[in-house]
2 protein chains.
Amino acid sequence: MTDTPRRGGPAAALRIRLVDVAREAGLSKTTVSAALNGTGRMSDAVRERAREAARRLGYRPNATARLLRAGHARLIGYVVGEFANEPGSYMSSPYFAQLTSATATAALRHGYALVLLPARCGPEEWADLPLDAAIVADPLDDDPLVEDFVAAGIPLFTDRSVEGRPGTHWVDVDADAAVREVLDHLREQGARRPAVVLPGTVTRFHRAVTDSYRRWCGGHGTPPRLVHTGGPGDGAVVAAVEDLLAGPGTGPDALFVLAEASPPLVLDAVHRAGLRVPEDLLLVCASEDASAAHTHPPVTTLSLRPALIAEKGIELLMAALESGSREPTGAVVPTRLELRASSLAARGPGGPAARGRAAGGDRAGRA
Amino acid sequence: MTDTPRRGGPAAALRIRLVDVAREAGLSKTTVSAALNGTGRMSDAVRERAREAARRLGYRPNATARLLRAGHARLIGYVVGEFANEPGSYMSSPYFAQLTSATATAALRHGYALVLLPARCGPEEWADLPLDAAIVADPLDDDPLVEDFVAAGIPLFTDRSVEGRPGTHWVDVDADAAVREVLDHLREQGARRPAVVLPGTVTRFHRAVTDSYRRWCGGHGTPPRLVHTGGPGDGAVVAAVEDLLAGPGTGPDALFVLAEASPPLVLDAVHRAGLRVPEDLLLVCASEDASAAHTHPPVTTLSLRPALIAEKGIELLMAALESGSREPTGAVVPTRLELRASSLAARGPGGPAARGRAAGGDRAGRA
DNA sequence: TATTGATGCGGGAACGTTCCCGCACAAGCC
DNA sequence: GGCTTGTGCGGGAACGTTCCCGCATCAATA
């Protein structure tokens, strides 16, 4: 029996290894390993002896060594393409907060853990990490983030539709259908001059939304009223809304705020403009913020379904990981319109929205 | 030369190894390794030959194997003790969102990546992960989460003060000072009947706050007006505020909402109770929500400094990790009162707060 | 010409685990 | 008693990397 000596100096941080347990129990490392893992063939006495020795020495298996044997780490990198703000700020957005936590939960349910990577980080940041896959949230068009992972041969999931590169998977919302649903809803509630507030950034999603809006306007003989915010954040959106409503001439009779903002603040801005909601202006916000349900009146929101996207995306990723296929896949999920009082016509009979039918929705208590 | 054969079946997913590159370049794996890592002694020609071969074959080093050699994974587990809600929901709280992202950013700056663990998860969830340390956000008293990590010998950081177990580190806010600062500020602005809204959950922090509040009231001859919310979430806090203000008799003339809630919603609730802010009621919310700056009037907030806590905590953790010391450490950081119009007396001369000085801007220093 | 020192590269052990084997022994069967 | 079959355990290779060495070769010096 060779005397596997304690490596390192005399004061080396002694981490108990399998061989240490084996020597303590008077067994071989093979037997101890099998004993602790509940595999192999051995008498109950020996198994218990091994376990007892491990307990006595406080043995904890080295995770890295196991991973090396296993060949995978069950680790998924998570990085967001984000507006080039200070790193990590994306968590302040309810959409990203939900996407992140839902992704983590879904991945963990499949036995994978999420590794939080810095926003817009390059390969040098994750090259040393044993990643089985990666998730890129909200990438730009032809994002280098995506390229890097593809080049590294790491399977990838993103919440924006990408061209089918090998190993890439995506889930996206049906932007066109969402815009039409909202505009149809507003029109049905009597609105004839709906305006849309969009973020200033140019992404695939926002282009799709803009196109869809213009198409809808064309089809309904309505002049488009499109406003872009000066930047990200509540302040910019509120300012854009104030500008829009303060303008001269006949203002819009409905507002669809597609730029992410706190619904209470948007509602407040409308109120300060002297307009009642929904009497003078119907309001719909694209937002995941739960506070929309607690305003007066509650604000109708369009949910972009980050949780559903995460769920579906992890599903695609797991399927690819298990089959080993690098065939690209993708899926479209529907948005969800949470009808609340802010977009349900409360006008008296004779008003343009007199026929507004009862809201079939969720918390739809009409005003 | 032994012919290291391709393991696995004929269709094995062939991952290029160091030996493959070595064979391609006609060198030894030692030389190739040194060449790619920029270490060792060799001619420039050989180094370039190795790099070229690696590039040609698309070689990517196996991260797990490197970690095994290195002995550490530079991975930190992140788990939150959370109200026992659906897992992952903690991201919807601005405090946790900021704590999480600030922790991730600070850790990454030191070369460590954060692994998102499910809320309240046990050792079996992270036993297979090569964690160098762990972070427990918002643990309960004697939380099993903490015990598990301590038992596993994994260094730990938490944002609540814990007794000095070996390998544990904490950073906490000075709750007592914070409460006194807010109450002193409100009193200085003329408030004589400040009320406090607290969450229903019993944690060390909230006990400290309650004690501090009662002490302050005792010292100022003010009867304590303490309200607990029925549960977590905006709805419960708003309901508590409504109840408090709708009560008979002389209501409070200042409100300190310590339960986390959306400031716009709280302000709205006060307005709906028929009270003007700050004329009839001074308002301070403990919140990290940026929307507080955009309401009308803007709401004074008490920041519990999640970003600072994360920063300081990672610092402690890194110091312990580098020195290898298991000596417990801890630190207290100050809260920050962001003075805004909602708590700055705007009463005319002769009012009880006539001496209230002009608000000194957004993040004004203390009054 | 011998001795040193530097240079250029490779052999092989380690990191700590899992798992394929093989060996010894006992029991059952003809 | 020889043969198989089964049980209980251990030896040693493998996972893919890094790094400590040692062995050549060659220039410079005594």
Side-chain angles (χ1 to χ4, degrees), chain A residues 1-8 12-23 25-51 53-54 57 59-73 127-130 132, chain B residues 1-8 12-23 25-51 53-54 57 59-73 127-130 132:
Chain A
M1 181 183 285
T2 63
D3 62 331
T4 59
R6 275 247 152 269
R7 63 265 176 259
L14 54 151
R15 169 79 182 257
I16 306 296
R17 300 161 299 169
L18 204 50
V19 279
D20 299 323
V21 179
R23 189 155 357 95
L27 295 166
S28 79
K29 59 180 166 58
T30 304
T31 306
V32 174
S33 172
L36 299 182
N37 289 331
T39 61
R41 297 178 313 205
M42 73 201 65
S43 65
D44 290 351
V46 163
R47 193 177 293 273
E48 191 46 46
R49 189 145 56 97
R51 288 189 169 143
L57 295 185
Y59 168 73
R60 281 197 323 121
N62 181 306
T64 313
R66 308 182 90 152
L67 295 183
L68 181 58
R69 279 284 327 184
H72 52 41
D128 282 337
L129 261 32
D132 293 330
Chain B
M1 181 185 285
T2 63
D3 62 330
T4 58
R6 275 249 153 269
R7 63 265 176 258
L14 54 150
R15 171 79 182 255
I16 306 295
R17 301 161 299 170
L18 204 49
V19 280
D20 299 324
V21 180
R23 187 154 0 94
L27 296 165
S28 78
K29 59 179 165 55
T30 304
T31 306
V32 174
S33 172
L36 298 182
N37 289 330
T39 62
R41 299 178 311 208
M42 72 200 65
S43 66
D44 290 352
V46 163
R47 194 177 294 273
E48 191 44 48
R49 190 145 55 98
R51 288 189 168 145
L57 295 184
Y59 168 72
R60 282 197 321 122
N62 182 306
T64 313
R66 309 181 89 151
L67 295 184
L68 180 58
R69 280 285 327 185
H72 52 17
D128 282 338
L129 262 32
D132 293 330

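Computed from a predicted structure; not experimentally measured. Proteins get letters first, then strands, A, B, ... in listed order; numbering begins at 1 in each. All values below were derived from every heavy atom in this structure, side-chain atoms included, with hydrogens, water molecules and symmetry-related copies excluded.
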**Prompt:** With no hydrogens and no angle check, is any side-chain donor or acceptor of R47(A) less than 3.5 Å from a backbone partner on V32(A)?
**Reply:** no
**Side-chain donor/acceptor contact of R17(A) with base of dG16(C) under 3.5 Å** = no
**Whole angstrom value for the distance that separates P of dA14(D) from CG of L18(A)** = 19 Å
**Request:** List the atom of A22(A), the atom of S28(A), and the distance in Å for their closest heavy-atom pair.
**Result:** CB-C, 3.7 Å
**Request:** Could you tell me whether R23(A) and D20(A) have a side-chain N and a carboxylate O separated by less than 4.0 Å?
**Result:** yes
**Complete:** Between R49(B) and Y59(A), the residue closer to the 5' end of DNA chain C by nearest nucleotide is R49(B)
**Whole angstrom value for the distance that separates P of dG10(D) from CZ of R47(A)** = 13 Å
**Prompt:** Has the side chain of S43(B) got a donor or acceptor atom sitting under 3.5 Å from an opposite partner on the base of dG8(C)?
**Reply:** no
**Request:** Figure out the NE2/C1' separation between H72(A) and dG16(D), and round it to whole Å.
**Result:** 16 Å
**Request:** Nearest 0.5 Å please: distance from the CZ atom of R66(A) over to the CG atom of D128(B).
**Result:** 5.0 Å
**Message:** Measuring from the side chain of R69(B) (C-beta onward, heavy atoms only), which nucleotide among dG8(C), dG12(C), dG16(D) has the closest atom?
**Reply:** dG16(D)
**Residue whose closest nucleotide on DNA chain D lies nearer the 5' end, T30(A) versus V46(A)** = V46(A)
**Request:** Could you tell me whether a side-chain N or O of N37(B) sits under 3.5 Å from a main-chain N or O of T39(B), the two making a donor and an acceptor?
**Result:** no
**Item:** Distance in angstrom units between L129(A) CG and dT17(D) P, rounded
**Value:** 16 Å
**Request:** Confirm from the modelled atom types if K29(A) and dG11(D) form a donor-acceptor pair under 3.5 Å, side chain to base only.
**Result:** no
**Message:** Is the phosphate of dT17(C) approached by S33(A) (side-chain N or O, under 4.0 Å from OP1 or OP2)?
**Reply:** no
**Prompt:** With a 4.0 Å cut-off on heavy atoms, is L27(B) in touch with a base, just the backbone sugar-phosphate, or nothing at all?
**Reply:** sugar-phosphate
**Item:** For atom CG of L36(B) and atom P of dC9(C), their distance in whole Å
**Value:** 14 Å
**Request:** Taking only the side-chain heavy atoms of A65(B) (C-beta and beyond), determine which of dG16(D), dC9(C), dT17(C) contains the nearest atom.
**Result:** dG16(D)
**Request:** Give the rounded distance in Å between these two atoms: CG of N37(A) and P of dT17(C).
**Result:** 10 Å
**Message:** Between C1' on dT17(D) and CG on L67(A), what's the gap in Å once rounded to a whole number?
**Reply:** 15 Å
**Request:** Pick base, sugar-phosphate or nothing for R66(A), based on heavy-atom distances below 4.0 Å to the nucleic acid.
**Result:** sugar-phosphate
**Request:** Provide, to the nearest angstrom, the distance between the CZ atom belonging to R41(B) and the P atom belonging to dG10(C).
**Result:** 13 Å
